[in-house]
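In this chain, residues are counted from 1 in sequence order. Computed from a predicted model, the values in this text were never measured in an experiment. We use all heavy atoms of the structure for the numbers below, so side chains are in, but hydrogens, waters and symmetry mates are not.
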Amino acid sequence: MAVCYDKLMHLLIDRRISHPELAEKAGFSGNVMTKIRRNQGISLESIEKICRALDCTVDDILEFID
């Protein structure tokens with residue numbers, strides 16, 4: 001099972017938030033954004049930071065695919 005962050009990418013587009021802006025607002029490094037763009041796993045701490053910064057839930061930003 002793999003993780004897919006397409007929902008997060010669409011949310012950022014809808015809210016007109018750039019990747020660097022999200023990294024700054026959530027308080028994580030650019031390396032996390034690179035992992036997200038590559039659909040690689042990130043820490044639960046980073047997921048929590050994203051959800052807090054965007055005022056959303058985990059279901060709003062990622063999904064698991066087979």
Quiz item: What residues, two or more places apart in sequence or in another chain, satisfy salt bridge (Lys or Arg N to Asp or Glu O under 4.0 Å) together with E48?
Solution: R52

Quiz item: Atom CG of D60 and atom CD1 of I50: how far apart are they, to the nearest 0.5 Å?
Solution: 12.0 Å

Exercise. Verify the neighbour count for atom NZ of K35: are there more than 12 heavy atoms of other residues, nucleotides or ligands below 6.0 Å?
Key: no

Quiz item: About how many Å separate NZ of K7 and CG of L12, when rounded to the nearest 0.5 Å?
Solution: 14.0 Å

Quiz item: If you group Ile, Leu, Val, Met, Phe, Trp and Tyr by side-chain heavy-atom gaps below 4.5 Å, do I47 and I65 land in one group?
Solution: no

Exercise. Would you check if the side chain of K49 reaches a backbone N or O of G27 as a donor-acceptor pair within less than 3.5 Å?
Key: yes

Quiz item: Rounded to the nearest 0.5 Å, what separation is found between the OG1 atom of T57 and the CG atom of L62?
Solution: 9.0 Å

Self-check item: Residue pairs fulfilling side-chain hydrogen bond (donor to acceptor under 3.5 Å, both in side chains) with at least one residue in residues 8-29, sequence neighbours excluded
Solution: H19-R37

Quiz item: Do N31 and T34 get their side chains close enough for a donor-acceptor pair, meaning under 3.5 Å?
Solution: no

Quiz item: Which value, rounded to the nearest 0.5 Å, describes the distance between I36 atom CD1 and I42 atom CD1?
Solution: 4.0 Å

Quiz item: Atom SG of C51 and atom CD1 of I61: how far apart are they, to the nearest 0.5 Å?
Solution: 4.0 Å

Practice problem: Check for a donor-acceptor pair, side chain of N39 on one end and backbone N or O of Y5 on the other, with a separation under 3.5 Å. | Solution: yes

Practice problem: Evaluate the side-chain proximity of L54 to L8: yes if any heavy-atom separation is below 4.5 Å, no if none is. | Solution: yes

